Amino acid sequence: QVQLVESGGGLVQAGGSLRLSCAASGASGYIFSINGMGWYRQVPGKQRELVAGVNFGGSTNYADSVKGRFTISRDNVLNTVYLQMNSLKPEDTAVYYCNADVRDSRSRYDYWGQGTQVTVSS
């Protein structure tokens with residue numbers, strides 16, 4: 001019922017910046033709200049890990065490894081979450097996934113984007 005579309009990944013040199021976006025859209029006539037939104041990342045052979053999260057009120061949390069370098073924000077009107085990534089390091093290379101905690105009149109659902117590759121070269 002809800003689709004998350006990510007954009008903004010790519011190849012960048014160490015020290016560079018990228019901005020990821022993730023827009024949530026619902027099927028025609030579907031009424032929903034989004035509580036938390038976040039970004040996760042995964043490298044082959046490892047578990048997916050939380051990078052940053054933001055709730056509807058704007059409170060944020062970050063993985064220790066990205067504090068001071070990454071900034072998460074959201075636009076509640078556009079149902080879009082952003083991840084500004086600065087001072088990128090080769091160890092930030094991963095597939096980044098957007099996540100949304102969606103609620104409708106009946107239940108609560110966990111949605112994921114398709115993933116976007118971020119590659120940081122040394």
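Note that the structure is predicted; figures quoted are calculated from it, not measured.
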- Query: Between D64 and K67, is there a side-chain N and carboxylate O pair less than 4.0 Å apart?
  - Reply: yes

- Item | Within-4.5 Å side-chain heavy-atom neighbours: L11 and Q117 | no

- Query: Is it true that a side-chain atom of N99 and a backbone atom of Y111 form a donor plus acceptor pair closer than 3.5 Å?
  - Reply: yes

- Task: Please report the shortest heavy-atom distance between L50 and N61, naming the atom on each side.
- Result: CD2-ND2, 3.3 Å

- Message: With heavy-atom distances below 4.5 Å as the criterion, would you say the side chains of Y109 and V2 are in contact?
- Response: no

- Query: CZ/R108 to OG/S33 distance, rounded to the nearest 0.5 angstrom?
  - Reply: 10.5 Å

- Message: Grouping I, L, V, M, F, W and Y whenever their side-chain heavy atoms are under 4.5 Å apart, do Y40 and Y96 come out in a common cluster?
- Response: no

- So, does N79 use its side chain to make a donor-acceptor pair with the main chain of S25 at under 3.5 Å? no

- Looking at V51, L20, V54, which one forms a side-chain contact (heavy atoms from CB on, under 4.5 Å) with I72? V54

- Would M37 and Y62 show up in the same hydrophobic cluster when neighbours are defined by side-chain heavy atoms closer than 4.5 Å? yes

- Task: Would you check if Y82 and T71 make a side-chain contact, meaning some heavy-atom pair closer than 4.5 Å?
- Result: no

- Task: Look at the aromatic rings of Y97 and W112 and report parallel, tilted or perpendicular, splitting at 30° and 60°.
- Result: perpendicular

- Task: For residues I34 and V81, determine if any side-chain heavy atom of one lies less than 4.5 Å from a side-chain heavy atom of the other.
- Result: no

- Message: Could you measure the distance from the CZ atom of R74 to the OG atom of S21? Nearest 0.5 Å is fine.
- Response: 14.0 Å

- Side chain proximity check, M85 to R69, heavy atoms < 4.5 angstrom: no

- Query: What heavy-atom pair brings L88 and L18 nearest, and what distance separates the two atoms?
  - Reply: CD1-N, 3.8 Å

- Query: How long is the span from the CD atom in Q13 to the OG atom in S122, to the nearest 0.5 Å?
  - Reply: 9.5 Å

- Item | Atom pair CZ/OG of F32 and S107 - distance to nearest 0.5 Å | 15.0 Å

- For R103 and N35 the tightest heavy-atom approach is NH2-ND2, 3.4 Å

- Task: Could you pull out the closest heavy-atom pair between L4 and A24, with the gap in Å?
- Result: CD2-CB, 3.3 Å

- Is any side-chain heavy atom of R41 closer than 4.5 Å to a side-chain heavy atom of L83? no

